[in-house]
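A note on names: the letters A, B, ... follow the listed sequences, proteins ahead of strands, and every chain is numbered from 1.
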Amino acid sequence: MTAVPGRSAPPGRDSAATAALPPLARYALSLGDDALVLAQRCGEWVACAPELEEDVALANVGLDLLGQARSLLTYAGEVEHADRDEDALAYRRDEREYLNAQLLELANGDFAVTIARLLVFSTYQHLLYARLAGSADPTLAGVAGKAVKEVAYHCDHAGAWAVRLGDGTEESHARMQAGLETVWPYVDELFTGDGVDPALVASGVAVDPAGLRADWDTAVTAVLDRATLRRPEPGSSARGGRRGVHTDAMGPLLAEMQHLHRSHPGATW
Amino acid sequence: MNAAQSPTNPPAARRDWPLWEVFVRARRGLSHGHVGSLHAPDAEMALRNARDLYTRRGEGVSIWVVAAAQITASSPDEKDAFFDPAADKVYRHPTFYEVPDEVLHL
């Protein structure tokens with residue numbers, strides 16, 4: 001897709017810490033950070049979702065994502081050989097070292113924004129993990145093989161809600177459309193493959209996300225059509241997350257996520 | 001909840017989310033057992049909510065959801081008339097037959 005000149009954010013530059021990562025660790029970390037940050041956002045719905053059943057559903061989605069994050073972060077730590085386990089990576093990195101796409105750190109907003117983001121991201125993850133399950137790296141293939149089933153359910157859940165909200169009342173339709181407009185500028189970053197080492201792709205270890213875009217478009221458009229929603233116009237295009245450049249929302253998210261661990265280093269339950 | 005709302009006059013949102021009864025068949029089981037209930041706007045969402053609420057720990061491999069309004073239940077007041085007459089009619093029980101070992105699930 002052609003970016004509107006002057007309206008796309010520059011991708012940013014790696015921090016020194018990020019640049020020092022072995023490519024495989026960086027790849028696992030970017031996948032893991034996506035899952036970790038969205039898990040954190042899902043957790044914010046616990047005890048305040050619109051219905052009790054949805055509370056459990058969103059918590060389950062968050063737990064699935066957290067499980068993926070744990071496996072991926074642990075693997076990144078092993079590959080890196082710098083004695084960092086999953087906790088060190090989750091709780092003791094600084095903002096510039098997180099490699100998640102900016103989509104995941106966006107505030108939850110109302111339920112429609114949350115569902116729009118989940119729809120967009122879980123569709124991408126489903127396609128990604130389906131391909132990654134065939135990775136030349138057995139650990140990544142294993143994580144993906146298990147995760148693809150979890151994420152199929154996330155897609156289904158988000159799609160079911162998108163259809164009901166979109167093809168619902170005037171208010172639910174308006175909010176769902178607004179939710180889509182809110183997350184749409186952050187879609188492109190999922191597919192640009194910033195920071196993915198081409199050698200990893202060539203060797204069959206990593207998946208080049210650009211190759212997922214067409215299928216993603218088809219799947220999401222099908223849901224939007226059933227939901228009587230309008231596909232947002234291409235406009236500004238956020239980038240930078242894959243290089244550790246994040247939005248204003250990331251700081252408070254990390255503060256809340258890391259606070260307990262940093263206040264009581266080494267504490268166990 | 002405002003003064004006009006009550007359990008018999010739920011707010012509009014609750015009226016749109018009817019009650020569903022959930023039945024789950026365990027992996028080794030042969031029949032679905034009742035495990036609880038939930039609220040959902042329609043049957044598909046009820047099924048998904050049931051999956052989230054009642055099979056989190058691998059309890060089952062099959063789920064039925066039935067709108068609670070569709071279930072006709074025997075009344076506790078009629079319990080005596082309904083069930084007592086069967087209690088002392090020994091001739092109805094198949095206790096005088098020997099069931100062969102090959103007959104399963106009887």
B/Arg48 charged N/C atom sitting above A/Tyr153 aromatic ring, 6.0 Å / 45° | no
Could you look at A/Leu63 and say if it's the side chain, the backbone, both or neither that has a heavy atom under 4.5 Å from chain B?
-> side chain
To the nearest 0.5 Å, what is the distance between NE2 (A/His157) and CG (B/Asp52)?
-> 6.5 Å
Count the heavy atoms of every other residue, nucleotide or ligand shown that sit under 6.0 Å from NE2 of B/His34, and state whether that count exceeds 12.
-> yes
Inter-residue atom distance A/Glu54.CD - B/His39.NE2, 0.5 Å rounding | 15.0 Å
Within 6.0 Å of CZ in B/Arg51, more than 12 heavy atoms from elsewhere = yes
Nearest 0.5 Å, what's the CD-CG distance between A/Glu53 and B/Leu53?
-> 5.5 Å
Just wondering, more than 12 heavy atoms not from A/Arg230 lying within 6.0 Å of its CZ?
-> no
Kindly indicate whether the side chain of A/Glu51, heavy atoms from C-beta on, has any atom under 4.5 Å from the side chain of B/Asn49.
-> no
Atom CZ of A/Arg41 with >12 non-hydrogen neighbours under 6.0 angstrom | yes
